[in-house]
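Here is the structure we will look at.
Scope of the values below: all heavy atoms of this structure, side chains included, with no hydrogens, waters or symmetry mates. Letters A, B, ... mirror the listed sequences (proteins, then strands); counts begin at 1.
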2 protein chains.
Amino acid sequence: MGATKTDHFTDSQNELAVLAKALGHPARIAIMEYLLKVDACICGDIVNELPLSQPTVSQHLKELKNAGLIKGNIEGNAICYCINEPGLEKIKGFFEHISNHLAKKRNECC
Amino acid sequence: MGATKTDHFTDSQNELAVLAKALGHPARIAIMEYLLKVDACICGDIVNELPLSQPTVSQHLKELKNAGLIKGNIEGNAICYCINEPGLEKIKGFFEHISNHLAKKRNECC
DNA sequence: AAACTATATCGTAATATTGCAATATAGAAA
DNA sequence: TTTCTATATTGCAATATTACGATATAGTTT
């Protein structure tokens with residue numbers, strides 16, 4: 001026990017869960033928002049923007065990258081991070097899908 | 001250490017993280033998908049739909065409810081669950097916000 | 001080469017999550 | 001009221017996450 005039983009669910013369900021989980025921490029929401037705000041790749045100053053230590057930020061970046069929500073390119077000395085659109089579109093599509101369905105069939109009960 | 005430092009982030013960031021985290025498990029994605037599929041409130045058969053024990057499913061439902069993604073009404077003997085639109089719209093809005101920004105300013109680097 | 005800068009990894013402690021058996025709760029049916 | 005059925009709660013073991021100090025890695029600058 002303790003480990004998620006991923007093999008009991010579909011690939012799609014597991015993929016969506018990985019994406020959602022990656023955003024399930026305020027620091028990682030903050031990173032995404034910051035990447036969006038500066039409207040470009042970030043090379044260097046993410047650590048200064050967050051109230052966490054450098055190793056912790058590095059770990060959060062790694063998780064976002066593993067989930068496919070950001071991508072990082074080595075840019076000389078620094079590393080250049082930016083939002084990875086395919087990952088973002090995938091999870092955005094999930095919510096749009098739900099929203100569209102709900103709009104069609106107005107909740108009859110509850 | 002070990003606990004998320006929620007007090008270092010904004011309310012909005014924490015709210016979004018809670019919503020995302022609630023969906024960060026394939027069972028909870030599956031529950032949302034099932035609630036959508038049946039196109040109505042579910043009274044009773046969620047446990048049979050999932051490859052998990054009744055207490056585990058109950059726990060997952062509780063987490064989705066706490067996060068504000070579903071709502072449950074007592075319906076006689078059973079409990080009637082369905083998707084809670086406001087919660088869903090909030091997180092959907094986050095992804096649309098990002099997507100709109102990205103569409104405006106095409107990624108110059110990376 | 002030596003010092004500096006930026007980022008990643010390791011190790012580890014604190015805390016959270018996952019899953020389920022056992023049990024509790026509460027309405028429905030008999 | 002007893003039994004049945006559906007859901008929730010408790011308790012606990014296994015595993016995962018969070019955070020950071022210390023250290024490693026690697027490019028840049030002097």
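- Both Pro51(B) and Lys62(A) sit near DNA chain C, but only Lys62(A) has its closest nucleotide nearer the 5' end.
- Note on Thr4(A): only backbone sugar-phosphate atoms sit closer than 4.0 angstrom, heavy atoms only; bases stay farther off.
- For Leu52(A) and dA14(C), the CG to P distance is 19 Å, given to the nearest whole Å.
- Between Leu52(A) and Lys5(B), the closest side-chain pair of non-hydrogen atoms falls below 4.5 Å.
- Using a 4.0 Å heavy-atom distance criterion, Ser58(B) is classed as a base contact.
- Put simply, the side chain of Asn84(A) never gets that close to the backbone of Lys71(A): no donor and acceptor are under 3.5 Å apart.
- Spacing between atom CG of Leu61(B) and atom P of dT18(C) amounts to 13 Å, rounded to whole angstrom units.
- For Arg28(A) and dT17(D), the CZ to P distance is 9 Å, given to the nearest whole Å.
- Remark: His60(A) is in phosphate contact with dA19(D), judged by side-chain N or O atoms under 4.0 Å from OP1 or OP2.
- Dashed line: the shortest gap from a side-chain N or O of Ser53(B) to OP1 or OP2 of dC20(C) is under 4.0 Å.
- The nearest whole Å value for the distance from the CD atom in Gln59(B) to the C1' atom in dC12(D) is 12 Å.
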For residues 15-29 of chain A, please give each side-chain donor-acceptor pair under 3.5 Å, one per line with the distance, not counting sequence neighbours.
from     : atom 1 : to       : atom 2 : distance (Å)
Glu15(A) : OE1    : Lys90(A) : NZ     : 2.8
His25(A) : ND1    : Ala27(A) : N      : 3.0
Arg28(A) : NE     : Ala22(A) : O      : 2.5
Arg28(A) : NH1    : His60(A) : ND1    : 2.8
Arg28(A) : NH1    : Glu63(A) : OE1    : 3.1
Arg28(A) : NH2    : Lys21(A) : O      : 3.4

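- Of the two residues near DNA chain D, Pro55(B) and His25(A), the one whose nearest nucleotide lies more 5' is Pro55(B).
- Protein atom OH of Tyr81(A) is 8 Å distant from nucleotide atom P of dT7(C), rounded to whole Å.
- Gln54(A) places its CD atom 11 Å from the P atom of dT9(C), with the value rounded to the nearest Å.
- What separates NZ of Lys5(B) from C1' of dA16(C) is a distance of 17 Å, to the nearest Å.
- Atom CD in Glu49(B) sits about 13 Å away from atom P in dT7(D), given to the nearest Å.
- Residues Lys65(A) and Tyr81(A) form a side-chain contact, since some pair of their non-hydrogen atoms from C-beta on lies under 4.5 Å apart.
- His101(B) places none of its side-chain heavy atoms less than 4.5 Å from the side chain of Ile83(A).
- Listed by residue number, the members of residues 9-23 of chain B with any heavy atom below 4.0 angstrom from DNA chain C are Lys21(B).
- At the phosphate of dC20(C), OP1 or OP2 sits under 4.0 Å from a side-chain N or O atom of Thr56(B).
- Nearest heavy-atom pair across Leu35(A) and Val38(A) is O-CG2, 3.6 Å.
- Counting heavy atoms from C-beta on, the side chains of Phe9(B) and Thr4(B) never come closer than 4.5 Å.
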